[in-house]
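Take a look at the structure below.
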There are 2 protein chains.
Amino acid sequence: MVLEVPQVVVNRLPIYYRTLIALEGQGKEVVSSQELGFFLGITPAQIRKDLSYFGRFGKQGRGYNVRRLIEHLRGILGLDRQWSLVLVGVGKLGRAILGYNGFARQGFNVVAAFDKDPEMVGQCIGPLQVQDIAGLSDTLRSISPRIGIVAVPAPDAPEVIDTLVACGIRAILNYAPVEAKAPEGVQMRNIDPVLALQSMTYYLKDRVS
Amino acid sequence: MVLEVPQVVVNRLPIYYRTLIALEGQGKEVVSSQELGFFLGITPAQIRKDLSYFGRFGKQGRGYNVRRLIEHLRGILGLDRQWSLVLVGVGKLGRAILGYNGFARQGFNVVAAFDKDPEMVGQCIGPLQVQDIAGLSDTLRSISPRIGIVAVPAPDAPEVIDTLVACGIRAILNYAPVEAKAPEGVQMRNIDPVLALQSMTYYLKDRVS
DNA sequence: TTCTGTGAACGGATTCACAGCA
DNA sequence: TGCTGTGAATCCGTTCACAGAA
């Protein structure tokens, strides 16, 4: 249990969590690894093994209590609290991110927004006033959020990421289309729909539709 | 070469592609697996093995000719042509997608947009007029695009995905926060920033910042 | 009987290490 | 000498299969 949990396992937990929330909403009280696996296209054995890294949450012969498992996952993933995010880059993409309420609904709150463009700085977007990126490190030191969102053009991303890391940010959601290496101990996830499309076309390219 | 190429390998090819384009832009003519791996945080051996699934593109003692390798990857991935996409769901997210020019720049063109909301239907967004989702299958039959983008609320997604698949769509970029099982032979990639955040908080949760 | 939890077996992806070519 | 291409070795995640609890 103290032993290293594989990253792939951690990545699946939010999927379980989301599905369990949906099941709870449907009034389901108990679910077996079989059923859960059916919804997700994952083998029951994998679900059981994944969960077993963190404890023994099920009842033999019955399955998992939905509400109880949700609570465990909230604790494991740290979803039982609010998280502050800073956003860097308030171009079209950055604004779309600020306008999206799906983050806040899950406890992720953007508390500061930055840009390097003087035209942007000072503008208000919703409740936030865009700050100059030059003040990034000062602001980060005072509010010390844990998570950063990068929504700047690709060429600017590496520098922004370095700055965030230097200021103590340990998790980065990167929308910029670059493969930036996060240093050891810093989590980074890339959101890149173009890469997703480009890997799918491989499978389409010589099929005759 | 006819043998099955692992999916993970295919997923990395667009990353190589993108990086090579950047290197070409910097005037670089030859690159070794060593260098490329350094930029990407991938071992040189992995890059060489990945590429070896598709042919022998390098020169011993030298490395890979950047332009030549780019051309090979374009062919392998099917990026040497234009791809038509249909978008389902023109809410905030769908509009953001339509307003994004990064797809078209890479040869991915949204040629039709659908929604089930009568308020939306008929509206023009850029060059596209939103169509009623009821006509989805007819339209798909006439224009037969290969790729669909799903940007509808989670509860609607499974049905939309089924319809797309029934109409011959073989690749789906899914922005809806649901784990939908695509049938055999249908590629699907999920874009879900919330899941990404929720997996990162696991690593943050008990570190003292 | 049913379904969990888990060691063992398996399989697939990554890395190693080296032959061979420039 | 430098770097590719690739079988072999290794590592690691998934699946199997079964003991044990409800």
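For B:Ser52, whose side chain is taken as the heavy atoms from C-beta onward, the closest listed nucleotide among D:dG5, D:dT4, D:dT15 is D:dG5. Out of D:dT15, C:dG5, D:dT4, the shortest distance to the side chain of A:Arg56 is found at C:dG5. Each of C:dT15, C:dA13, D:dT14 was ranked by its minimum atom distance to the side chain of A:Lys49; first place goes to D:dT14. The nucleotide whose nearest atom lies closest to any side-chain atom of A:Gln46 is, among D:dT14, D:dT4, C:dT4, D:dT14. The side chain of B:Arg48 lies closest to C:dC18 when the candidates are C:dT4, C:dC18, D:dT14. If you check D:dT15, D:dT14, D:dC3 against the side chain of A:Arg12, the one that comes closest is D:dT14. Closest to the side chain of B:Gln60, from the set C:dA13, D:dG2, C:dA17, is D:dG2.
When the side-chain nitrogen and oxygen atoms of A:Thr43 are compared with OP1 and OP2 of D:dT14, none of them lie within a distance under 4.0 Å. Checking the phosphate oxygens (OP1, OP2) of C:dT4, a side-chain nitrogen or oxygen of A:Ser33 falls inside 4.0 Å.
For the pair A:Lys181 and B:Phe39, the cation does not sit on the ring face, since its NZ or CZ is not both under 6.0 Å from the ring centre and inside 45° of the axis.
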Evaluate A:Leu40 against B:Glu179 for side chain to side chain contact (heavy atoms under 4.5 Å, CB included), listing each step before the verdict.
CA-CA 6 Å; A:Leu40 297 172; B:Glu179 218 58 25; 3.6 Å; yes

Assess the residue pair A:Arg189 and A:Asn174 against the criterion (side chain to side chain contact (heavy atoms under 4.5 Å, CB included)); give the C-alpha distance rounded to whole Å, side-chain angles, the decisive distance to 0.1 Å, and a yes or no.
CA-CA 6 Å; A:Arg189 302 287 184 277; A:Asn174 175 40; over 6 Å; no

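Taking atom CG on A:Leu51 and atom C1' on C:dT6, their separation rounds to 13 Å, with Å as the unit. Distance OH (B:Tyr53) to C1' (D:dT4): 16 Å, rounded to an integer number of Å. Atom P of nucleotide C:dG5 and atom CG of A:Leu69 are separated by 10 Å, given to the nearest angstrom. Counting to the nearest Å, the C1' atom of D:dG13 and the CD1 atom of A:Ile47 are 15 Å from each other. Following rounding to the nearest Å, B:Asp50 (CG) and C:dC16 (C1') show an atom-to-atom distance of 16 Å.
Between the B:Arg170 side chain and the B:Arg146 main chain, no donor and acceptor come within less than 3.5 Å of each other.
The side chain to side chain donor-acceptor pair (under 3.5 Å) test with B:Tyr17 is passed by exactly one of B:Arg74, B:Gln106, B:His72: B:Arg74.
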